[in-house]
Structure formats: structure tokens, C-alpha cells
Enquirer: 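Got a structure here, written out as C-alpha cells. Questions coming.
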Amino acid sequence: MASTSPRSVIFLVVAVAIVVSDAQLQLSETFYDATCPQAASIVQQKVNAFVDADRGLAAALMRLHFHDCFVRGCDGSVLLNSTETMLSEKEALLNKGSLRGFEQIDEIKMELECACPGVVSCADILALVARDATAKVGGTSWPVFLGRIDGGASFADEVNSSLPERTDNFTQLVARFARVGLDARDMVILSGGHSIGQVHCGAFFERLYNFQGLNITDPAMDPEFAAMLKVQCPQTKPFGFMALDATNGTFDSAYYFDLLTNKGLLESDVALLSDPLGVEYAIRAVQDPMAFLNEFGWAMIKMGAIPGLEPYGWRRHCAFVEPKF
């Protein structure tokens, strides 16, 4: 696959406009031009500073956008705290203790509120932050269409049935993405988000120590890689961390190379190669890394256009909902 040309960039922008229109969202790159023209630059400056101080935050900040959009649409609901009557998404099994970056989002929101009170939505902040964090660690930038409306509710019991899980097979992954309007190709491309970040060792212990309940290592795993993992992640340390790909901290296509060389970690990652579409894309991503970076941006735009389930308004603080008067 050839690298993205200027002509294909024009096609990308047109295609994105179609996707946004289909999602019935009034999203636009210029949404805040009149009301908060400095919004994007404020977010970018803050993200750059955060990632300079802690490179691992790039993956965490990108992940917040994923977890937000897959549950109730892209409405900032993942940022809400629990209340006396609502156990929020933060407290769900798949989120609690694993999501981070909330304090950084609050800091960005505070600065935006100082510059432009009551203007920039928390959902839009997540979309901008995901783009800027990815670009900061090696990814390409992409246009972020803005104008999302924050939601006013967040429910922990909606998370586990909505997010992809580490044990999902290819068919299950396709089904989860289809529920939010994303297709199999989007799923394979967005899985490349695992190019950055870390995972608890316990997340792949079954593959490493007890494959199919047989007390063996998954025979499909590269033996030398498995031996290294057992040193880094002994059974006594399930809460240790392991990088999701060989170039941890740099957003690139090494994730797919690792899969093709039997060095994937999670069952859901390895599952990509169980289908010809996943194999074909992994090979193409390795052969043309720049094309992958551009296509990842396209897929992120499409994901970012998932409409919110119950729009509430622009929240002045991302962690709680102000009453309407």
C-alpha cells in the first residue's frame, strides 16, 4: 500500500464529513473558532507537557477516548464520578484501577474554563487529547471534528457489556465494534492502539502458564518470547506490567509485526490473525507503516463521531454534572 498522498488526504476529509453527517452530529473542525479559538492550542500544550513528564500517559489519555465512545457514545461519561444514586463507569470492573489521566483532563478543563467559560465540552477535550497524545509519541495528527455534547449520566453496569474484552475472539470483537457503527476493518486498525501502553501480567497468564487449562504455554507463542515473559512476569506477580509491543512508548506498526511473529500478548490481539482480513492488514501495516498511521487517524475520526446516547449539555467540570436551572 502506498503512503497517503495529498489526493487521498482530500478524500479522507470528504469521507469524514460523510461519516459525521451520517452520525447526525453537527461536528466541525471550526466549531470553537468564534467562541474559543485557542482551545486546540491549549489542549495540545497541556498534553505535550504531560507526556514529556510521563510518556506512559500517552496511552492512558488515548484509552480514555476509546472507553468513553464505546459506552453511551462520545459524551464524556467516562469522566464522571459516582454519586449517591449512580455508580459511574469509572467503577466498572474493566475500568477501575486501570484507567488513568482523569487529573490531567481536569487540569485541561480548568484552563479552558479560565479562557472560555462554559464553552468546550469534556467529550471534545477527550477527542483532542487522544489525537495530541498519539501524535506526541510518533503517530500522525488527524483533523478533530468538534461540537460533541456532554452526557449527564454514567453507569458502571453498562461498561462490561460494551467494551471489547481481552479474551474476545475475532467474531466477538467484530460484533462489539458493530454495535457502535464500526466495521471489521475499523476494529483491526483501532486495535493498533495497543502500539503504546502496558498491561498487567495477569492479563495473559492463561496463555503463558495455563493454556486451555492444560498447565502449558500457548504453543502458538514464540518460545523465546514466552521465556522472556516468564522472567518478567512470574506467576507470583500478576500485577506487574508488560509493554504491549516491542517499541513501548512509540506509536508505530510494531504491534502488527509482533503479532505476525507470534509475540502478541492478549488473546484478543492474537485473535486478529485468525481471520484473513486481520492477516492481510497486519502484513500491510508492517510493509507500509505510514499508511497505518494515516488509517489509524481515519478510524479514530470515525470512532469519535459515535453520537452520545443522552446529550445533557456542556459540563463546566468533567467529573460531575451541574444541575440545570
Side-chain angles (χ1 to χ4, degrees), residues 1 3-6 8-13 15-16 19-20 27-33 36-69 74 99-101 104-105 107-109 111-112 120-146 148 186 189-198 243-256 285-286 288-305:
M1 183 189 298
S3 296
T4 302
S5 65
S8 60
V9 170
I10 293 173
F11 172 78
L12 171 64
V13 173
V16 169
V19 169
V20 171
L27 302 185
S28 167
E29 279 191 272
T30 61
F31 187 83
Y32 294 116
D33 280 7
C36 193
Q38 66 271 52
S41 62
I42 288 174
V43 173
Q44 185 178 48
Q45 289 170 10
K46 298 296 289 185
V47 169
N48 287 345
F50 292 145
V51 177
D52 279 338
D54 178 1
R55 196 170 179 86
L57 267 175
L61 294 171
M62 180 208 293
R63 192 178 177 212
L64 282 175
H65 189 38
F66 272 89
H67 283 233
D68 183 45
C69 291
C74 305
L99 287 185
R100 67 188 188 112
Q104 286 75 20
I105 298 298
E107 188 172 327
I108 291 170
K109 177 64 168 174
E111 187 154 334
L112 286 169
V120 182
S121 70
C122 299
D124 278 344
I125 292 172
L126 288 177
L128 287 166
V129 164
R131 186 268 309 274
D132 294 341
T134 304
K136 177 65 174 174
V137 294
T140 57
S141 187
W142 59 82
V144 176
F145 291 75
L146 302 165
R148 296 166 188 80
D186 299 323
I189 295 172
L190 289 172
S191 293
H194 283 175
S195 171
I196 52 176
Q198 297 180 318
L244 281 163
D245 82 350
T247 57
N248 178 38
T250 300
F251 192 84
D252 54 24
S253 64
Y255 164 80
Y256 297 101
V286 171
D288 192 344
M290 185 55 67
F292 158 66
L293 297 181
N294 287 318
E295 288 176 330
F296 184 82
W298 150 249
M300 288 291 283
I301 297 168
K302 187 175 178 182
M303 183 190 77

Enquirer: Any chance you could measure Ile108, atom CD1, to Gln45, atom CD, to the nearest 0.5 Å?
Expert: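 Between atom CD1 of Ile108 and atom CD of Gln45 there are 11.0 Å.
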Enquirer: Once you round to the nearest 0.5 Å, how far does NZ of Lys136 lie from CZ of Arg55?
Expert: 8.0 Å
Enquirer: What orientation do Phe251 and Phe296 show, parallel under 30°, tilted 30 to 60°, or perpendicular over 60°?
Expert: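 Because their plane-to-plane angle lies in the 30° to 60° range, the rings of Phe251 and Phe296 count as tilted.
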Enquirer: Return the CG to CG distance between Leu128 and Leu61, rounded to the nearest 0.5 Å.
Expert: 12.0 Å
Enquirer: As a test of understanding, state which of Ile196, Thr250, Leu57 forms a side chain to side chain contact (heavy atoms under 4.5 Å, CB included) with Val137.
Expert: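 Of all the options given, the one that passes is Ile196.
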Enquirer: Ignoring hydrogens and geometry, is there a side-chain-to-backbone donor-acceptor pair from Arg131 to Trp142 under 3.5 Å?
Expert: yes
Enquirer: Can you tell me how far apart CE (Met290) and CG (Asp252) are? Round to the nearest 0.5 Å.
Expert: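 One finds 11.0 Å between CE of Met290 and CG of Asp252.
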Enquirer: Distance check, rounded to the nearest 0.5 Å: Gln38 atom CD versus Glu111 atom CD?
Expert: 9.5 Å
Enquirer: For the residue pair Met62 and Gly193, what are the closest heavy atoms and their distance?
Expert: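 Heavy-atom minimum between the residues: SD-CA, 4.1 Å.
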Enquirer: Check Asp54 with Arg100, please: is the shortest side-chain N to carboxylate O separation under 4.0 Å?
Expert: yes
Enquirer: For residues His65 and Val129, determine if any side-chain heavy atom of one lies less than 4.5 Å from a side-chain heavy atom of the other.
Expert: no
Enquirer: Minimum heavy-atom separation for Val120 to Asp124, with atom names?
Expert: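 Looks like CG1-CB, 4.5 Å.
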Enquirer: Which heavy atom in Cys69 sits nearest to a heavy atom in Gly304, and how many Å separate them?
Expert: SG-CA, 4.3 Å
Enquirer: Please report the closest heavy-atom contact between Leu27 and Ala305, naming both atoms and the distance.
Expert: CD1-CA, 4.3 Å
Enquirer: In terms of ring plane angle, is the pair Tyr255 and His194 parallel, tilted or perpendicular, where the classes change at 30° and 60°?
Expert: perpendicular
Enquirer: At their closest point, which heavy atom of Glu29 faces which heavy atom of Pro143, and how far apart are they?
Expert: OE2-CB, 3.3 Å
Enquirer: Taking the side chain from Thr134 and the backbone from Gly139, do they hold a donor-acceptor pair closer than 3.5 Å?
Expert: no
Enquirer: From Leu64 CG over to Leu126 CG, what is the distance, rounded to the nearest 0.5 angstrom?
Expert: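 If I round to the nearest 0.5 Å, the distance is 6.0 Å.
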Enquirer: Using a 3.5 Å distance criterion without hydrogens, assess whether the side chain of Asp186 forms a donor-acceptor pair with backbone atoms of Ala299.
Expert: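 No, because the side chain of Asp186 does not come within donor-acceptor range (under 3.5 Å) of the backbone of Ala299.
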Enquirer: Okay, side chain of Ser253, backbone of Tyr256: is any donor-acceptor separation there less than 3.5 Å?
Expert: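 A pair under 3.5 Å: no.
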Enquirer: Quick check: closest heavy atoms across Cys122 and Lys109, and the distance to 0.1 Å?
Expert: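 Scanning both residues completely, I find the closest heavy atoms to be SG-CE, 4.0 Å.
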